[in-house]
Peer 1: 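To start, I am sharing the structure in question, which I have written as structure tokens.
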Amino acid sequence: MTPSAIIVAAAMVTQTIVDDQGRRLTVRRLHALDRLRLFKAAGPLLAQNQPWLGMALVACSVAAIDDIPFPPPVSEPQIEAMISRLGDAGIAAVASALRQSSEQSMVESVANAGN
């Protein structure tokens, strides 16, 4: 597998979780370009608002709800619509999944560092 194929494959990795409302949420970790696009959609003021941006990052990590795909939001109203659609239960479930994924990646990095 070529280096670029590895990068593309890593960007496509998703995980499906179920929130407290029973919705199936497909989650993917945002990469540098995804975050850059989110900053652009948020605008200069909201991109510096840490609480807003944190929730937006979580919401924008959702690729599908109940197997219905959602494209990445490209404007502030679209970001807020996704947050509204997810609600507290969805945001909490996605945040937990991202946190666990991050912790798992860190453990794997430490384990692979010895090789």
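Keep in mind that what you see is a predicted model, and the values were worked out from it rather than measured. All residue numbers refer to positions in the sequence shown, counting from 1.
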Peer 1: Restricting to pairs with a member in residues 57-68, which pass side-chain hydrogen bond (donor to acceptor under 3.5 Å, both in side chains), not counting sequence neighbours?
Peer 2: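 Listed by first then second residue: R24-D67.
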
Peer 1: Restricting to non-hydrogen atoms, name the atom on A93 and the atom on I17 that form the minimum distance, rounded to 0.1 Å.
Peer 2: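 Reported closest heavy-atom pair: O-CD1, 3.3 Å.
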
Peer 1: Which pairs with one or both residues in residues 70-83 pass side-chain hydrogen bond (donor to acceptor under 3.5 Å, both in side chains), sequence neighbours excluded?
Peer 2: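 Applying side-chain hydrogen bond (donor to acceptor under 3.5 Å, both in side chains) to every pair that reaches into residues 70-83, excluding sequence neighbours, yields nothing.
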
Peer 1: Identify the two heavy atoms, one from V58 and one from A95, that lie closest to each other, and give their separation to 0.1 Å.
Peer 2: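 Looking at all heavy atoms of both residues, the shortest contact is CG1-N, 3.9 Å.
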
Peer 1: For the residue pair P69 and A64, what are the closest heavy atoms and their distance?
Peer 2: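 It is CA-CB, 3.9 Å.
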
Peer 1: Looking at every heavy atom in both A59 and I91, which two are closest together, and how far apart are they?
Peer 2: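 Here A59 and I91 meet closest at CB-CD1, 4.1 Å.
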
Peer 1: Any donor-acceptor pair under 3.5 Å linking the side chain of R23 with the backbone of L86?
Peer 2: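 Confirmed, R23 side chain pairs with L86 backbone.
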
Peer 1: With a sphere of 6.0 Å drawn around CG of N49, does it hold more than 12 non-hydrogen atoms of other residues, nucleotides or ligands?
Peer 2: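 Check passes, neighbour count above 12.
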
Peer 1: Could you check whether any side-chain heavy atom of F70 comes within less than 4.5 Å of a side-chain heavy atom of I65, counting everything from C-beta outward?
Peer 2: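 A side-chain contact exists here, since the closest heavy-atom pair is under 4.5 Å.
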
Peer 1: Side-chain contact test, heavy atoms from C-beta onward, threshold under 4.5 Å: evaluate it for D34 versus R28 and give yes or no.
Peer 2: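 Yes - at least one pair of side-chain heavy atoms lies under 4.5 Å apart.
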
Peer 1: Write down the atom of D19, the atom of A89, and the distance for their closest heavy-atom approach.
Peer 2: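 The pair with the smallest heavy-atom distance is CB-O, 3.8 Å.
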
Peer 1: Under a 4.5 Å side-chain heavy-atom rule over Ile, Leu, Val, Met, Phe, Trp and Tyr, are I68 and V18 clustered together?
Peer 2: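 In one cluster with I68: V18, no.
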
Peer 1: If we check side-chain contact (heavy atoms from CB on, under 4.5 Å) with V94, which of these qualifies: L57, V27, T26?
Peer 2: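 Of the listed options, the one satisfying the test is V27.
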
Peer 1: Calculate, to the nearest 0.5 Å, the distance between atoms CG and CD belonging to D88 and Q21 respectively.
Peer 2: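 D88 CG to Q21 CD: 9.0 Å, rounded to 0.5 Å.
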
Peer 1: Which pair of heavy atoms, one from A41 and one from P73, lies closest together, and at what distance?
Peer 2: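 Heavy atoms only, the tightest pair is CB-O, 4.2 Å.
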
Peer 1: Just by distance, do the side chain of R35 and the backbone of L30 share a donor-acceptor pair under 3.5 Å?
Peer 2: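 Checked: pair present.
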
Peer 1: Does the side chain to side chain contact (heavy atoms under 4.5 Å, CB included) test come out yes or no for L53 and L38, once each step is laid out?
Peer 2: CA-CA 9 Å; L53 190 60; L38 173 59; 4.1 Å; yes

